[in-house]
A.B. asks: 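If you scroll down you'll find the structure; I have some questions about it.
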Protein chains: 2
Amino acid sequence: MATRTRRSQRRTEALSRERIVEAAVELLDAAGEGGLTFRALTERLATGPGAIYWHVENKDELLGAATETVVAAALAVEPARTPDSPTGAPDSPAEAPDSPRDEIRAVALGLFEAIDEHPWLATQLATHLSRSPWGSVAPRIFESLGRRVRALGVPEGSWFLVTSALMHYILGAAGQNATNARAGGGGLDRDEFLDATATAWEELDPDDYAFTRAVAYQMRGHDDREQFLAGIDLVLTGIAATHPPDA
Amino acid sequence: MATRTRRSQRRTEALSRERIVEAAVELLDAAGEGGLTFRALTERLATGPGAIYWHVENKDELLGAATETVVAAALAVEPARTPDSPTGAPDSPAEAPDSPRDEIRAVALGLFEAIDEHPWLATQLATHLSRSPWGSVAPRIFESLGRRVRALGVPEGSWFLVTSALMHYILGAAGQNATNARAGGGGLDRDEFLDATATAWEELDPDDYAFTRAVAYQMRGHDDREQFLAGIDLVLTGIAATHPPDA
DNA sequence: ACCTGAACACCGTTCAAGT
DNA sequence: ACCTGAACACCGTTCAAGT
């Protein structure tokens with residue numbers, strides 16, 4: 001029976017931290033946070049739990065490593081181009097030197113899309129962003145946004161506040177959206193899910209939820225990405241108004 | 001040995017969904033997400049798992065009920081008063097009719113403080129806000145903010161966008177802060193934790209993290225609540241600028 | 001209607017043993 | 001140095017049985 005070992009992967013390459021993290025990301029993408037177990041991991045890697053523990057401290061560290069990998073990839077794109085065509089994929093070489101504002105939009109959108117593709121990221125980013133010893137993912141995002149905030153001309157005394165506010169909006173919005181992405185993935189397609197949610201809103205108590213009922217129809221057709229970027233613009237405008245460049 | 005049943009609670013009152021949720025909140029507060037187990041719950045309530053399952057569908061539903069309870073309490077305060085004295089606890093009767101802007105600040109601060117007191121809330125709010133069947137907690141927050149957004153004079157077409165953006169900032173910021181609160185709770189006090197984080201930032205690579213290193217000192221002394229409210233003001237200013245009242 | 005508690009399947013983690 | 005796999009303690013959940 002030793003012959004019938006599942007070789008879900010070719011067995012040529014040796015085990016490595018990298019391969020383990022890669023498999024972890026695949027499991028998380030396929031089945032969410034609950035999909036990442038050491039049993040599933042050992043089966044996929046055709047090995048035993050002990051082997052994994054030799055390369056990785058524990059499950060928490062593994063989750064952290066998976067998060068770092070995905071976030072690093074999202075930030076590495078360093079995209080450009082004005083988001084005029086919201087559908088356009090960034091693959092042609094970028095030449096035009098973008099404004100800091102456009103770059104912030106692009107970084108934000110990169111994170112948004114990463115969370116959209118890997119909904120399990122939301123939990124990680126929302127609450128486990130700082131760990132001991134300090135994970136590198138929070139500073140990475142902070143740095144990427146902060147450089148553009150500086151380029152925007154925000155006075156130095158406001159750098160921390162402004163960059164934090166931007167990051168909070170991005171993580172909050174992307175997190176909410178991940179919930180939708182997840183729910184959408186489970187059977188219903190996106191439009192059906194939106195419609196079901198809008199309908200649920202419309203059936204709330206008229207006294208307690210007058211406002212929510214009144215905007216339910218706006219939920220029905222809305223485009224997540226567009227809304228997200230509109231929110232970014234709102235925050236950027238707020239930044240310009242409350243922390244204008246030094247005179 | 002039947003005599004030595006732990007009665008962590010007086011045994012007079014019968015089991016009820018309410019008592020179970022209450023105990024769940026206590027366990028979550030005391031030991032975080034990992035502290036809520038059915039064993040701990042049965043011990044605290046001096047009963048068996050079957051009894052709990054009679055009142056509650058499963059662990060997920062229990063977590064949801066705990067979240068709803070705490071969020072409802074936070075929103076019920078419907079506080080007032082201008083936040084001039086950031087330390088002041090709201091206990092004297094409020095009379096002055098506050099501006100929508102102040103009310104939004106107050107609602108936001110209420111949520112911020114709820115997450116600060118119950119750090120496990122962050123995960124719940126960040127990613128499980130919508131469930132099937134639709135939980136009432138998202139609409140509750142949305143409604144509370146939305147009514148004030150309407151009172152602000154934001155044009156109807158922008159209600160959904162603006163209220164969502166506000167909610168995203170609040171949840172994102174409060175979530176990040178919960179991480180700090182949690183970390184602070186684990187031995188170090190708040191100032192020590194901030195200091196340790198700032199020091200860690202200052203030791204990052206000078207090329208890759210030039211900006212983060214440059215603002216590390218701003219992290220050291222900052223007041224979470226103050227920063228949070230400054231962010232709210234930033235967003236409110238952005239709202240006023242990008243979605244001004246109809247002419 | 002409400003509760004008991006043994007049992008089940010599954011999980012993260014450890015560790016003596018192998019190569 | 002790297003891997004194996006049995007074993008341990010713990011978890012959510014079920015269910016026949018009691019009152």
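Residue numbers start from 1 in every chain, and the chains themselves are labelled A, B, ... in the order their sequence lines are given, proteins ahead of strands. None of the values given here were measured: they were computed from a predicted structure.
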A.B. asks: Quick one: list whatever passes ring pair (Phe, Tyr, Trp, His ring centres under 6.0 Å) with A:Y53, sequence neighbours left out.
C.D. replies: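 So A:Y53 forms a ring pair (Phe, Tyr, Trp, His ring centres under 6.0 Å) with A:F38.
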A.B. asks: For DNA chain D, list all stems, counting runs of three or more consecutive pairs where every pair is Watson-Crick or G-U wobble with both distances under 3.5 Å.
C.D. replies: C:4-8 with D:12-16, C:12-16 with D:4-8
A.B. asks: Could I get the full list of salt bridge (charged side-chain N to carboxylate O under 4.0 Å, His left out) partners for A:D224, not counting sequence neighbours?
C.D. replies: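 With sequence neighbours excluded, A:D224 shows a salt bridge (charged side-chain N to carboxylate O under 4.0 Å, His left out) to A:R190, given in chain and number order.
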A.B. asks: Tabulated below should be each protein N or O lying under 3.5 Å from an N or O of nucleotides 11-18 of chain D; please produce it.
C.D. replies:
| unit_1 | atom_1 | unit_2 | atom_2 | d |
| --- | --- | --- | --- | --- |
| D:dC11 | N3 | B:R39 | NH2 | 3.4 |
| D:dC11 | N4 | B:R39 | NH2 | 3.3 |
| D:dG12 | OP1 | B:L36 | O | 3.4 |
| D:dG12 | OP1 | B:K59 | NZ | 2.7 |
| D:dG12 | OP2 | B:F38 | N | 2.9 |
| D:dG12 | N7 | B:R39 | NH2 | 2.9 |
| D:dG12 | O6 | B:R39 | NH2 | 2.7 |
| D:dT13 | OP2 | B:Y53 | OH | 2.7 |
| D:dT13 | OP2 | B:K59 | N | 2.9 |
| D:dT13 | O5' | B:Y53 | OH | 2.9 |

A.B. asks: According to ring pair (Phe, Tyr, Trp, His ring centres under 6.0 Å), who are the partners of A:Y209, at least two apart in sequence or on a separate chain?
C.D. replies: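 Once residues adjacent in sequence are excluded, A:Y209 has no partner under the ring pair (Phe, Tyr, Trp, His ring centres under 6.0 Å) criterion.
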A.B. asks: Using the test ring pair (Phe, Tyr, Trp, His ring centres under 6.0 Å), find all partners of A:H222 that sit at least two apart in sequence or belong to another chain.
C.D. replies: B:F160
A.B. asks: Taking only residues two or more places apart in sequence or in another chain, which ones pass salt bridge (charged side-chain N to carboxylate O under 4.0 Å, His left out) with A:R220?
C.D. replies: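 A:R220: salt bridge (charged side-chain N to carboxylate O under 4.0 Å, His left out) contacts with A:D195, A:E202.
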A.B. asks: Look up atom NE2 in A:H55 and atom CG in A:L15, then write down how far apart they are to the nearest 0.5 Å.
C.D. replies: 4.0 Å
A.B. asks: Do any side-chain nitrogens or oxygens of B:H55 fall under 4.0 Å of OP1 or OP2 in C:dA1?
C.D. replies: no
A.B. asks: Quick one: side-chain hydrogen bond (donor to acceptor under 3.5 Å, both in side chains) partners of B:R213, sequence neighbours excluded?
C.D. replies: none
A.B. asks: Under the rule for side-chain hydrogen bond (donor to acceptor under 3.5 Å, both in side chains), what residues qualify as partners of B:E143, not counting sequence neighbours?
C.D. replies: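 B:E143 satisfies side-chain hydrogen bond (donor to acceptor under 3.5 Å, both in side chains) with A:T212, B:R147 only.
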A.B. asks: Please report, rounded to the nearest Å, how far the P atom of D:dC2 is from the CZ atom of A:R19.
C.D. replies: 15 Å
